[in-house]
Chemist: 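The following block contains the structure, expressed as C-alpha cells.
Note that the structure is a prediction, hence the values are computed from the model and not measured. Quick note: numbers below take in every heavy atom, side chains included, and nothing from hydrogens, waters or symmetry partners. Convention: sequence-line order gives letters A, B, ...; per-chain numbering from 1.
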There are 2 protein chains.
Amino acid sequence: MKYSASKENHLKAIFHLQHEQGIVTTNALAAALQTRPASVTDMLKKLKEQKLLLYERYKGFRLNNEGKKAAIQVIRKHRLWEYFLVKKLQFGWDEVHEIAEELEHISSKKLVDRLDAFLGFPDTDPHGDPIPDSQGRFLQRRQISLSELPLNKLAQVSAIASQTSEMLELLQYNHIQLGTRLLISRKFPFDNSLEVKIRSRPPVTLSAQVAKNVLVKDDE
Amino acid sequence: MKYSASKENHLKAIFHLQHEQGIVTTNALAAALQTRPASVTDMLKKLKEQKLLLYERYKGFRLNNEGKKAAIQVIRKHRLWEYFLVKKLQFGWDEVHEIAEELEHISSKKLVDRLDAFLGFPDTDPHGDPIPDSQGRFLQRRQISLSELPLNKLAQVSAIASQTSEMLELLQYNHIQLGTRLLISRKFPFDNSLEVKIRSRPPVTLSAQVAKNVLVKDDE
DNA sequence: AATTAAATTTAGACAAATCTAAAATTAAAA
DNA sequence: TTTTAATTTTAGATTTGTCTAAATTTAATT
Ligand SMILES: [Mn+2]
Ligand SMILES: [Mn+2]
Ligand SMILES: [Mn+2]
Ligand SMILES: [Mn+2]
C-alpha cells in the first residue's frame with residue numbers, strides 16, 4: 001500500500017499521540033500537524049474509509065493494526081534518513097528534522113532497506129529514538145523523563161521528546177545533547193525548575209517544560 | 001524559489017526537449033510526461049505567469065534563463081541521487097530512474113550540495129550523463145549517436161539517450177553498457193540496422209531506433 | 001483555394017487537500 | 001440542572017493538478 005504524503009503525516013502524528021495518550025483528539029492532532037480541526041476531521045474520514053483507524057464521530061480515534069504498521073514504516077524512513085544526514089552528510093542533529101520530513105515520503109521499500117544496510121542497521125536515530133527494523137519491530141528502551149530523575153543520580157540523555165527547533169536550540173545552548181552525562185544538583189519546587197550539572201561545566205537551569213521533554217536512562 | 005513536483009517535472013522535460021529541438025510543442029511535451037495536451041497547456045500558462053518560459057498560444061514555447069536555471073537544478077538532483085543509488089546503495093543502473101524521479105523533488109539545497117561532496121563531486125551519472133555543478137555549470141562532452149559512427153571506428157558508449165526500462169533491458173541483453181568499447185562491423189542500408197562488435201563476443205544486431213539512442217565518444 | 005487533418009486551446013468537470021464560518025455535540029460551570 | 005464554554009463536525013469555498021469533449025487555429029492535401 002502507498003499513501004499520500006499528507007496521509008503519512010497524519011498516520012505518524014496519530015501514532016505518536018496515541019503512544020502518549022491512548023486515545024487521540026481532533027484538536028490535539030490539528031495542533032501537532034499545524035493544521036485546522038476541520039481539516040483533521042476530513043482526513044479522519046478518509047483514513048477510516050481505508051480501514052487504517054478506529055473512529056466514531058465526537059468520540060476520538062486511534063490507529064488499528066494496519067494503521068500502526070503503516071505509521072511505523074514512515075517513522076522508520078524518517079529516522080533512517082536522519083541518521084544518514086548526520087552520519088554521512090555531516091548535518092547537525094538539530095537541522096535534519098525538516099529534511100527528513102520530506103524524505104520520509106519517498107515510496108521505494110527497496111530503497112529504505114538498502115539505506116538501512118548501507119548505514120549498518122543502526123538502532124537509534126540522532127535524537128536517540130529507536131529505529132524500527134524492516135518488519136516494523138521496535139526495540140523499546142526503558143527511559144524516564146529528566147523531571148522524574150532523582151536528585152544527584154547520574155544519568156545519560158537518551159532522547160528528546162519534543163523536537164521543535166526552538167527546543168533543540170535551547171538544549172544546544174546549554175550543551176545538552178544525545179549521550180550527555182548529567183545529574184540534577186537541585187530542584188526548585190516553586191516552578192519545578194531544575195539545576196543540572198554536566199561534568200566540568202558550570203551548572204545550568206532548566207524549566208519544568210524543558211525537563212519533561214528530555215529523556216534519560218541510567219548511566220550504563 | 002521552490003516549485004511543485006509537477007512544475008519541476010515540466011521544466012525538466014521542456015529543457016531536454018528544447019536541447020534536441022530548439023522549440024518545443026505541446027504534443028511532444030505531453031508525450032514525454034505521459035500526460036494530455038490540455039494539461040500541458042494549463043501548466044504552460046502557470047509557468048509563463050511565473051516568468052519561467054517564453055510562450056505564445058499556438059506558437060510553441062521554450063524556457064527562458066530563469067526556467068533553464070531551475071530545470072538544471074532538478075537535473076542536478078536527479079543525477080546525483082542516481083549516482084548515490086548505484087555507487088552507495090548497490091542498485092543496478094537500470095533500476096534507479098524511477099526512484100530518482102521522486103528524490104529529485106526534495107527541496108533542500110544544502111542537502112544536494114552535501115550529497116555532492118559526499119559522493120566526491122562526480123561529473124557523470126550512472127547513464128553517462130553529465131552532472132551540473134552547484135552553479136549549474138555543465139561539462140558538455142562531444143558525443144555522437146552510434147548511428148553516425150563510421151564503419152570500423154572504435155568507440156566507447158558514453159550515454160543512453162532514451163532511458164526507458166525496455167531500452168535498458170534490451171541493451172543489457174546485448175551486453176552493452178556505459179563504457180563498453182565497440183565498433184560497427186556492418187551497416188544494412190535497407191533498414192539502417194547495424195552489426196556491432198564488442199571485443200571477444202559474437203556480433204550483435206541493433207535496429208536504427210536503438211542505435212540512434214546509444215551515444216558514443218572516441219575511444220580515448 | 002477549398003477541404004481535410006492535425007495540433008492546440010478552451011470550457012467545464014473532478015479529486016485531493018486545505019480553509020472559514022456556522023451548526024451540532026459534549027463537557028464544564030454556575 | 002440550566003447555562004455557558006469548548007470541542008468537533010458539517011457546509012460550502014478555494015487551490016492545484018488533472019481529465020474529456022468541444023472549439024479554435026494552423027498545417028497539409030487535394
Ligand atoms: Mn512528512
Ligand atoms: Mn529523530
Ligand atoms: Mn520527478
Ligand atoms: Mn540518468
Chemist: Sequence neighbours excluded, which residues qualify as ring-ring contact (aromatic ring centres under 6.0 Å, His included) partners of B:Phe84?
Modeler: A:Phe84, B:Trp81
Chemist: Identify, with sequence neighbours excluded, every residue that meets ring-ring contact (aromatic ring centres under 6.0 Å, His included) alongside A:His97.
Modeler: A:His78
Chemist: Roughly, in whole Å, what's the span from CZ in A:Arg36 to C1' in D:dA6?
Modeler: 16 Å
Chemist: Would you indicate, yes or no, if D:dG17 has its OP1 or OP2 atom less than 4.0 angstrom from a side-chain nitrogen or oxygen of B:Ser4?
Modeler: yes
Chemist: Starting at CZ of B:Arg76, measure out to CD of B:Gln135 and round the result to the nearest 0.5 Å.
Modeler: 8.5 Å
Chemist: Given salt bridge (charged side-chain N to carboxylate O under 4.0 Å, His left out), test A:Lys212 with A:Glu148 step by step and report yes or no.
Modeler: CA-CA 8 Å; A:Lys212 189 162 64 69; A:Glu148 304 161 36; over 6 Å; no
Chemist: What is the distance from atom OG of A:Ser134 to atom CD of A:Gln73, rounded to the nearest 0.5 Å?
Modeler: 7.0 Å
Chemist: When you list every nucleotide of DNA chain C with an atom under 4.0 Å from a heavy atom of chain B, which one comes first 5' to 3', and which comes last?
Modeler: C:dA7 to C:dT10
Chemist: Checking side chain to side chain donor-acceptor pair (under 3.5 Å) for the pair B:Thr25/B:Asn27: CA distance, chi angles, key distance, verdict?
Modeler: CA-CA 6 Å; B:Thr25 68; B:Asn27 269 358; over 6 Å; no
Chemist: Please list, chain by chain and in numerical order, all residues satisfying side-chain contact (heavy atoms from CB on, under 4.5 Å) with A:Glu169, sequence neighbours excluded.
Modeler: none
Chemist: Could you write out each protein N or O paired with an N or O of nucleotides 7-13 of chain D at a distance under 3.5 Å?
Modeler:
| unit_1 | atom_1 | unit_2 | atom_2 | d |
| --- | --- | --- | --- | --- |
| D:dT8 | OP2 | A:Asn27 | N | 2.8 |
| D:dT9 | OP1 | A:Tyr55 | OH | 2.5 |
| D:dT9 | OP1 | A:Tyr58 | N | 3.0 |
| D:dT9 | OP2 | A:Thr26 | OG1 | 2.9 |
| D:dT9 | OP2 | A:Thr41 | OG1 | 3.0 |
| D:dT10 | OP2 | A:Lys45 | NZ | 3.1 |

Chemist: Describe the nucleic acid contact of A:Ser6 in one word from base, sugar-phosphate, nothing, applying a heavy-atom distance below 4.0 Å.
Modeler: sugar-phosphate
Chemist: Rounding to a whole Å, what distance do you find between B:Lys7:NZ and D:dT15:C1'?
Modeler: 11 Å
Chemist: Closer than 4.0 Å, any side-chain N/O of B:Lys46 to the OP1 or OP2 of D:dG17?
Modeler: yes
Chemist: Show which side-chain atoms of residues 41-55 of chain A pair as donor or acceptor with protein atoms under 3.5 Å away, not counting sequence neighbours.
Modeler:
| unit_1 | atom_1 | unit_2 | atom_2 | d |
| --- | --- | --- | --- | --- |
| A:Thr41 | OG1 | A:Pro37 | O | 3.2 |
| A:Lys48 | NZ | A:Tyr55 | O | 3.0 |

Chemist: Could you tell me the Watson-Crick or G-U partner of D:dA5, where both distances fall under 3.5 Å? Say none if there is no partner.
Modeler: C:dT26
